[in-house]
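Structure first, commentary second.
Counting begins at 1 with the first residue of the sequence.
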Amino acid sequence: MRPPITYSAFLATAFAALVAFAGAAVAQLRPIPDDAKRGHMRYVREMVIEIDGDRVLLSPGALIRNTDNRIVLPSALPPESLLVKYLPDAGGHVHRVWILTQEEAARPDKKK
């Protein structure tokens, strides 16, 4: 008969593994719309960003999500250019932005 501590240790290890991989599983389920455009984005100032060399405004209420799917303020973006997918609003302002992970960047865009 096995001692109960071995079974408890197994359960604790299994639980720890599930908790460790839960964050990665959630990050893989980011719903980036198929019609989102791909580009290189850089923060300029206030509500102004640069996408592929063109300066554009963020819409009121725009959301920028980092690779962990957390909302990031524009001024908190790093100074270097980031590979993103983005959606404009009806007025041409950028409304939603997703900073791509390495895995997302490696995937080809879906054909329209």
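A distance of 11.0 Å separates CD1 of I51 from CG of L82, quoted to the nearest 0.5 Å. Note: L57 CG to M47 CE = 8.0 Å, rounded to the nearest 0.5 Å. To the nearest 0.5 Å, the span separating CG on L100 from CD1 on I32 amounts to 5.5 Å.
D52 pairs by the side chain to side chain contact (heavy atoms under 4.5 Å, CB included) definition with H40, not counting sequence neighbours. Annotation: side chain to side chain donor-acceptor pair (under 3.5 Å) contacts of R55 (sequence neighbours excluded): none. Shown here are the side chain to side chain contact (heavy atoms under 4.5 Å, CB included) partners of P31, two or more places apart in sequence or in another chain: there are none. Residues passing the side chain to side chain contact (heavy atoms under 4.5 Å, CB included) test with R65 are R30, L63, N69, I71, W98, sequence neighbours excluded.
Counting all heavy atoms, side chain and backbone alike, V84 lies closest to M41 at CG2-CB, 3.8 Å. Nearest heavy-atom pair across I99 and I64 is CD1-CG2, 4.3 Å.
Sorted by first and then second residue, the side-chain hydrogen bond (donor to acceptor under 3.5 Å, both in side chains) pairs with a member in residues 41-51 read R42-E50; sequence neighbours excluded. Within the structure, every pair that satisfies the side-chain hydrogen bond (donor to acceptor under 3.5 Å, both in side chains) test and touches residues 75-90, not counting sequence neighbours, is listed here: K85-D109.
Each of P88, S59, P60 was evaluated against H95; a single residue qualifies, S59, per the side-chain contact (heavy atoms from CB on, under 4.5 Å) test.
Both V72 and V94 belong to a common hydrophobic cluster when Ile, Leu, Val, Met, Phe, Trp and Tyr are linked at side-chain heavy-atom distances under 4.5 angstrom.
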